[in-house]
Number of protein chains: 2
Amino acid sequence: MERTTRYSKKRAAILSAIQGTDCHPSAEWVYQTLKPSHPDLSLGTVYRNLIFFQERGDIRSVGVVRGHERFDGITTPHSHFICSRCGAVMDLSQIELADHLDRDVSEQYGLMVDYHELSFHGVCQTCIQNQQHEEDILS
Amino acid sequence: MERTTRYSKKRAAILSAIQGTDCHPSAEWVYQTLKPSHPDLSLGTVYRNLIFFQERGDIRSVGVVRGHERFDGITTPHSHFICSRCGAVMDLSQIELADHLDRDVSEQYGLMVDYHELSFHGVCQTCIQNQQHEEDILS
DNA sequence: ATGACTGCAAAGACTTTGCATCTTT
DNA sequence: AAAGATGCAAAGTCTTTGCAGTCAT
């Protein structure tokens with residue numbers, strides 16, 4: 001009794017939208033982005049497909065930033081930077097840990113590691129500059 | 001016009017509860033745990049103090065697990081393991097990255113890194129065993 | 001045709017907030 | 001007494017769901 005998967009145009013558009021951006025979108029972003037081309041898209045469908053794609057391993061959650069869950073269409077190893085000022089999430093493609101780390105942790109602690117997530121938190125370039133501007137104005 | 005901080009008994013109890021456990025509690029956990037000794041405690045107060053302590057750097061958010069934000073009273077460098085089956089969050093005190101990594105990222109990408117968070121995701125020992133039991137029963 | 005997928009709107013779950021009251025200093 | 005902290009409950013946000021209708025195979 002296998003459940004067969006059917007590919008609807010909306011489902012394909014949702015995955016494509018996520019994989020086609022590096023902004024690590026939220027459900028709302030996907031919805032707003034596809035609204036013009038798919039006027040009858042509903043937010044519920046976006047949420048349902050987000051879960052569907054995660055279960056299939058096509059996308060991964062980067063975590064919840066300011067109340068919004070953010071997703072990543074790239075599932076190969078890389079790290080993230082999250083701006084605590086504006087909420088931007090960006091890839092740090094050059095930063096990644098040794099391949100064997102997951103296995104090391106599994107063996108050392110006796111648990112089963114599927115993947116890891118390394119994220120740096122701080123203030124992004126843009127916000128640093130904006131802050132500088134504010135200081136200039138105040139001085 | 002400095003805002004002076006006043007230490008209420010409830011505020012102290014909330015911080016103490018968080019720092020006195022390694023379960024990486026949620027707001028609800030803190031509330032339920034303190035309820036017996038502080039019958040008139042309100043959830044709003046817990047949430048307000050969670051924000052207060054985060055701003056002061058006394059505690060840190062570990063992230064949102066299954067819809068509940070989880071906190072850590074230990075702010076020295078260490079990693080976490082998050083069980084995707086039961087939602088448990090545990091410390092991996094022996095796993096931590098090189099000290100200079102934050103600085104490296106700052107310089108390499110031109111942004112300001114405050115801290116990083118490394119979390120491993122998978123299935124914990126307990127859930128592995130429970131799964132084994134289920135399989136035994138089914139076979 | 002059958003079973004999946006979707007739209008819509010209601011329901012849920014967690015968190016934030018306003019205001020009057022109580023505490024700490 | 002003054003200003004901060006809390007209780008309570010209402011309001012807010014984001015996400016999940018039930019159900020009837022639609023679409024893919």
Side-chain angles (χ1 to χ4, degrees), chain A residues 1-18 23-56 58-71 82 84 87 89, chain B residues 1-18 23-56 58-71 82 84 87 89:
Chain A
M1 300 305 117
E2 196 114 328
R3 177 190 175 93
T4 63
T5 296
R6 295 181 180 173
Y7 270 84
S8 69
K9 291 169 185 171
K10 284 169 187 166
R11 168 165 290 172
I14 291 170
L15 181 57
S16 176
I18 299 171
C23 76
H24 306 82
S26 64
E28 186 67 32
W29 184 95
V30 172
Y31 177 63
Q32 295 299 343
T33 299
L34 296 179
K35 202 80 175 291
S37 50
H38 303 261
D40 63 339
L41 177 65
S42 96
L43 244 185
T45 295
V46 174
Y47 278 108
R48 275 187 285 237
N49 276 292
L50 252 14
I51 293 169
F52 174 85
F53 290 130
Q54 282 187 89
E55 289 174 343
R56 284 183 37 117
D58 295 323
I59 68 173
R60 183 176 292 171
S61 171
V62 180
V64 178
V65 179
R66 296 173 153 195
H68 302 67
E69 182 154 26
R70 305 283 288 271
F71 299 89
I82 299 172
S84 52
V89 177
Chain B
M1 301 305 116
E2 196 115 327
R3 177 189 174 92
T4 62
T5 297
R6 296 181 179 174
Y7 271 85
S8 70
K9 292 168 184 172
K10 284 167 187 166
R11 168 165 291 172
I14 291 169
L15 182 57
S16 176
I18 299 170
C23 76
H24 305 83
S26 63
E28 187 66 31
W29 183 95
V30 173
Y31 178 65
Q32 294 299 343
T33 299
L34 295 179
K35 201 80 176 290
S37 51
H38 302 261
D40 62 339
L41 178 65
S42 96
L43 245 185
T45 295
V46 174
Y47 277 109
R48 274 187 285 236
N49 276 291
L50 252 14
I51 293 169
F52 174 85
F53 290 130
Q54 282 187 90
E55 290 175 343
R56 285 183 36 116
D58 295 325
I59 67 174
R60 184 176 292 170
S61 171
V62 180
V64 178
V65 179
R66 298 172 151 195
H68 302 67
E69 181 154 26
R70 305 283 287 271
F71 299 89
I82 301 172
S84 52
V89 178

In whole angstrom, what separates F52(B)'s CZ from dT24(C)'s C1'?
-> 13 Å

Measure from NZ on K10(B) to C1' on dT24(C) and round the result to the nearest Å.
-> 13 Å

Is it true that a side-chain atom of R11(B) and a backbone atom of F52(B) form a donor plus acceptor pair closer than 3.5 Å?
-> no

How long is the line joining OH of Y7(A) and P of dT25(D), in whole Å?
-> 11 Å

Test item: H24(B) side-chain N/O and V89(B) main-chain N/O as donor-acceptor pair under 3.5 Å | yes

Which residues, if any, of residues 43-51 of chain B bring a heavy atom under 4.0 Å of DNA chain D?
-> T45(B), R48(B), N49(B)

Separation of dT25(C) atom P from R3(B) atom CZ, nearest Å, is 14 Å

Rounded to the Å, how far apart are Y31(A) OH and dC14(D) C1'?
-> 14 Å

From S26(A) atom OG to L50(A) atom CG, the distance as rounded to the nearest 0.5 Å = 9.0 Å

Quick one: is the NZ or CZ of R60(A) closer than 6.0 Å to the six-membered ring centre of F71(A), and within 45° of its axis?
-> no

For the student: nearest non-hydrogen atoms of A13(B) and H38(B), plus distance | CB-NE2, 3.6 Å

For the pair made of CG in L15(B) and P in dA5(D), what is the distance, rounded to whole Å?
-> 14 Å

Can any side-chain N or O of T45(A) pair as donor or acceptor with the backbone N or O of L41(A) at less than 3.5 Å?
-> no

Y47(A) side, atom OH; L43(A) side, atom CG - distance, nearest 0.5 Å | 5.5 Å

Measure from NE2 on H38(B) to C1' on dC22(C) and round the result to the nearest Å.
-> 16 Å

Check whether any side-chain nitrogen or oxygen of S8(B) sits under 4.0 Å from OP1 or OP2 of dA5(D), and answer yes or no.
-> no

Measure from the side-chain heavy atoms of R11(B) and tell me the nearest of dA4(C), dA5(D), dG7(D).
-> dA5(D)

Is E69(A) touching bases, backbone alone, or none of the nucleic acid, heavy atoms closer than 4.0 Å?
-> sugar-phosphate

Where the side chain of T5(A) is concerned, which of dC5(C), dA24(D), dT6(D) is the nearest nucleotide?
-> dC5(C)

Atom-pair distance (CZ on F53(B); C1' on dA5(D)), nearest Å | 12 Å

Contact nearer the 5' end of DNA chain D, comparing L41(B) with T4(B) | T4(B)

Minimum-distance nucleotide to H68(B) side chain [options: dC5(C), dC14(C), dG7(D)] | dC14(C)

Mark yes or no for a side-chain to base donor-acceptor pair under 3.5 Å between R6(A) and dG3(C), with no hydrogen or angle criteria applied.
-> yes

